[in-house]
Amino acid sequence: MDVRQHLRSALAAALVRAGIDMPREQISIERPANPEHGDWSSNVALATAKHAGRNPRELAQELADALNADLPRHVTATEVAGAGFINFRLAPGWLHEVLVGVVEAGTEGFARSAIGAGSSVDVEYVSANPTGPLHAGHGRWAAYGDSLARLFERCGYEVTREFYVNDRGGQMSLFGASLAARKAGQDPPEGGYFGEYITEWAQQMPATADPVDWGSQRAHLDQVEVLASMNAEFDHWASENLLAQSGAVEAVLTILTEGGHVYESEGATWLRTSEFGDNQDRVLVKSDGQPTYFLPDIAYHQQKYSRGDLLIDILGADHHGYVKRMSAAMQMLGHSDDSYEVLIGQHVTLVRDGEEVRLSKRTGTMVEARELVELVGADVARLTFLLQSIDTTQTIDVDLVVAESSENPVYYVQYANARVYSLARRAEQRGVSLSPLAEVDLSVLAHQRELALLRVLSELPEVVERAMQARAPHQVTTWSRECAAALHGFWHDCPILSDDLDEQVRQGRMWLVEATRIGLGVSLDLLGVSAPESM
RNA sequence: GCGCCCGUAGCUCAGUUGGAUAGAGCGUCUGACUACGGAUCAGAAGGUCGGGAGUUCGACUCUCUCCGGGCGCGCCA
């Protein structure tokens, strides 16, 4: 099926003849950056020559000779280049088979992998405190977490999207007190919340309501609404309050104590996280008898294992110091080191009117996620977040995003999608019908633009797997831009509906467009961006 | 001081888990419109991949070190 497998098999056989035994899967087959180096290339000769005590160039020539004596499927020539690369030139037939494969798989099956079949993963992200609206920075975690979840699903995992609501503790008291103060026409207490929304919400709050309960509900609903508008919906909302009431916190403390991981010092209760890689021990129960955030959070993570074999937390860079202690706690509870994973995302900096905006709920100078979505639209907001790796800090100039919104990459990709759909409409208007794929001779697809587009399409399955494994949805964004570029180029140079076009070519091109529709559809769905049929 | 992340074109960022001549968008300059929707396409200019050393047949990628930026560093969450 996959060309690369054919090439691997052929290389493996040639290697055996040369006296080298190598597992087929370890043979690297790559697509050369330079077209002059063929369609596919392998560096096995370079990789094995030293170990086999051979000259790489000679070994490569020997392998190439063996391959040329009995050319693998689709291969027209095998040649040696550079220090010992083996380059394969293929007839376009392999790309025509890609087209058939894409169309047969359809939007449902194309670029779907089974490597996660039978495994489950629980992804927790955003988890903002219910003390106010989400700020624009939260949007990055929403877009990233949701798209990562989609990638896992595409790869066969059973996925739970989860949000932890810290509806308890000191911050909630301050939040409630701030609401109550504004309600009474006073300033919030020291360390309280000074954002404008507090005043606004206080006015909405019934006089008889409990500020903490009412406020947390108000904030929660506000957050849910914005997340939904960004196409980020959650399967599970976990409440710290409910967790505390369930007795799970005491239970986990008992387990940790019985495991000998807990001790008393200076009136507080400590966990020996330093024995599991943390740089110091951590307090579970403060000297005033109150638990820290850490203890209920351990109980919470323990519960999450009922929803996934693999736990993933997505946290902002300011929480990276927290990773070791939770990882230590999970190991104390008997969970393997690799069953708990924390992805640290760097912060979003917002620039407005040429000045950096600090995203603080307490001081109230933030840009709300809602505001950003209203300004640029959900698709632009979401794709903007998914444009780059979360390992880098992201600077979003709000004015620039608004001003350049029509030049945003999202429109470039969506326009390609709209063009694809417009073809079907135009074809119908002109009475052109699409023949069954089996009756179409795809060998007519030989234009450089056609082959380039097919080449891009052939890459999506591996892009999806790689992006999942690297926890890097932005790789799908990059692919969708490349696919759109290939479509636009093809569209520009290859007419489809013009009257003087050969009917066989027309049919081939229409099927190529159909395959592109599937590829773009899959990638946009993974990104959580809409795939408009017209713009 | 210690830990995590980053440093690639004027700007914003990719770079296929070590490969051959480092890419895209924006911006600048120049072309393609009786157009299956030009929200497009083609070309040009623009690079000591922060500096240095090491490993390797081969380094933007791995290791060490220095410089610069962001974030965090015992009973906040």
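Every chain is numbered from 1, with letters handed out A, B, ... down the list of sequences.
For the pair R449(A) and A42(B), the criterion of a side-chain N or O lying under 4.0 Å from OP1 or OP2 is met. An OP1 or OP2 oxygen of C5(B) is reached within less than 4.0 angstrom by no side-chain nitrogen or oxygen of S389(A). At least one side-chain nitrogen or oxygen of K50(A) sits closer than 4.0 Å to the OP1 or OP2 atom of C57(B). Residue Q475(A) places at least one side-chain N or O under 4.0 Å from the OP1 or OP2 atom of G15(B). Contact check, Y415(A) against G38(B): a side-chain N or O comes under 4.0 Å of OP1 or OP2. Under 4.0 angstrom from either OP1 or OP2 of C4(B) there lies no side-chain N or O belonging to H319(A). For C26(B), neither phosphate oxygen OP1 nor OP2 lies less than 4.0 angstrom from any side-chain nitrogen or oxygen of Y412(A).
Around atom CD of E36(A), no more than 12 heavy atoms belonging to other residues, nucleotides or ligands sit under 6.0 Å away. Shown here is K324(A), whose NZ atom has no more than 12 heavy atoms of other residues, nucleotides or ligands within 6.0 Å. Annotation: E428(A), atom CD; neighbour count of heavy atoms from other residues, nucleotides and ligands within 6.0 Å does not exceed 12.
Distance from the side chain of Q346(A) is smallest for C5(B) among the nucleotides C5(B), A39(B), U40(B). Each of A39(B), U40(B), U16(B) was ranked by its minimum atom distance to the side chain of H492(A); first place goes to U40(B). Side-chain atoms of R481(A) lie closest to A24(B) of the nucleotides U21(B), A77(B), A24(B). Each of G70(B), U21(B), C6(B) was ranked by its minimum atom distance to the side chain of E36(A); first place goes to U21(B). The side chain of S41(A) sits closest to A20(B) out of A20(B), G15(B), G72(B). When each of G38(B), C41(B), A20(B) is scored by its nearest atom to the side-chain atoms of R419(A), the top-ranked nucleotide is G38(B). Of all nucleotides listed (U21(B), C13(B), G38(B)), C13(B) comes nearest to the side chain of T395(A). When each of G70(B), A77(B), C41(B) is scored by its nearest atom to the side-chain atoms of Q171(A), the top-ranked nucleotide is A77(B). Minimum atom distance to the side chain of D391(A) is reached by C5(B), of the listed C5(B), A14(B), G3(B). Closest to the side chain of T292(A), from the set A77(B), C41(B), G19(B), is A77(B).
Within the nucleic acid shown, I496(A) comes within 4.0 Å of at least one base atom, counting heavy atoms only. Across all strands shown, T393(A) has heavy atoms under 4.0 Å from sugar-phosphate atoms exclusively, and none from any base. At the heavy-atom level, A418(A) lies under 4.0 Å from base atoms of the strands shown. At the heavy-atom level, P495(A) lies under 4.0 Å from base atoms of the strands shown. Residue-level contact check: H37(A) touches the bases, meaning some heavy atom is under 4.0 Å from a base atom. At the heavy-atom level, S498(A) lies nowhere under 4.0 Å from the strands shown.
The residues R449(A) and D493(A) are annotated as salt-bridged, a charged nitrogen and a carboxylate oxygen being separated by less than 4.0 angstrom.
Rounded to a whole angstrom, the distance from the P atom of A14(B) to that of G31(B) is 34 Å. Nucleotides C67(B) and G52(B) are separated by 11 Å at their C1' atoms, to the nearest Å. With both ends at atom C1', the span from G19(B) to U28(B) equals 34 Å, rounded to whole Å. On the C1' atoms, A22(B) is 23 Å away from G68(B), given to the nearest whole Å. Nucleotides G47(B) and A9(B), compared at atom C1', are 6 Å apart to the nearest Å. A59(B) and C41(B) are spaced 36 Å apart, taking the C1' atom of each and rounding to whole Å.
Both tests do not hold together for R282(A) against W270(A): distance to the six-membered ring centre under 6.0 Å, angle to the ring axis within 45°.
Here the CH2 atom belonging to W491(A) is positioned 4.5 Å from the OG atom belonging to S422(A), to the nearest 0.5 angstrom.
Of the nucleotides present, none pairs with U56(B) by Watson-Crick or G-U wobble criteria with both distances under 3.5 Å. Base pairing annotation: G23(B) forms a Watson-Crick or G-U wobble pair with C13(B), both donor-acceptor distances under 3.5 Å. A 3.5 Å limit on both hydrogen-bonding distances identifies C73(B) as the Watson-Crick or G-U partner of G1(B). G7(B) is paired with C67(B) under the criterion used here, namely a Watson-Crick or G-U wobble arrangement in which both key atom distances are under 3.5 Å. Nucleotide A44(B) forms a pair with U28(B), judged by Watson-Crick or G-U wobble geometry with both contacts under 3.5 Å.
Under the 3.5 Å distance criterion, the side-chain polar atoms of S173(A) are matched with a main-chain donor or acceptor of G169(A). A donor-acceptor pair under 3.5 Å is formed between the side chain of S42(A) and the backbone N or O of S28(A). Although no hydrogens or angles enter the test, the distance criterion places a donor-acceptor pair under 3.5 Å between the side chain of R506(A) and the main chain of I496(A). Counting only distance, with no hydrogens or angles, the side chain of H51(A) and the backbone of T48(A) share no donor-acceptor pair below 3.5 Å. Looking only at distances, no side-chain donor or acceptor of N408(A) sits under 3.5 Å from a matching main-chain atom of V380(A).
Put simply, F490(A) does not rest on the base of C41(B): the two rings are not both less than 5.5 Å apart at their centres and under 30° in tilt. For G19(B), the base is not stacked against the aromatic ring of F85(A), per a cut-off of 5.5 Å between centres and 30° between planes.
H488(A) has its NE2 atom 11 Å from the P atom of G25(B), to the nearest Å. Across the protein-nucleic acid pair, N43(A) atom CG and U17(B) atom C1' stand 13 Å apart, rounded to whole Å. Residue L315(A) contributes atom CG, which lies 17 Å from atom P of C71(B) at whole-angstrom precision. Going from atom OH of Y300(A) over to atom C1' of A77(B) covers 15 Å, rounded to whole Å.
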Criterion side chain to side chain contact (heavy atoms under 4.5 Å, CB included) on I298(A) and M326(A), from CA distance to verdict: CA-CA 7 Å; I298(A) 294 172; M326(A) 183 56 74; 4.3 Å; yes
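Ring geometry for F175(A) versus Y193(A): interplanar angle over 60°, hence perpendicular rather than tilted (30 to 60°).
Mapping D288(A) and A81(A) onto RNA chain B by nearest heavy atom places A81(A) closer to the 5' end of the strand. Comparing R168(A) and A427(A) by the nucleotide of RNA chain B whose heavy atom lies nearest to each, the residue mapping closer to the 5' end is A427(A).
Contacts with RNA chain B (heavy atom under 4.0 Å) in residues 506-517 of chain A: none are found. Within residues 270-280 of chain A, the residues having any heavy atom closer than 4.0 Å to RNA chain B are, in order of number, W270(A), Q280(A).
For A14(B), its base never sits under 3.5 Å from the side chain of T477(A) at any donor and acceptor pair. Judged by distance alone with a 3.5 Å cut-off, a donor-acceptor contact links the side chain of N87(A) to the base of A20(B).
For the 3.5 Å distance criterion, the side chains of E30(A) and N43(A) fail to qualify, holding no donor opposite an acceptor.
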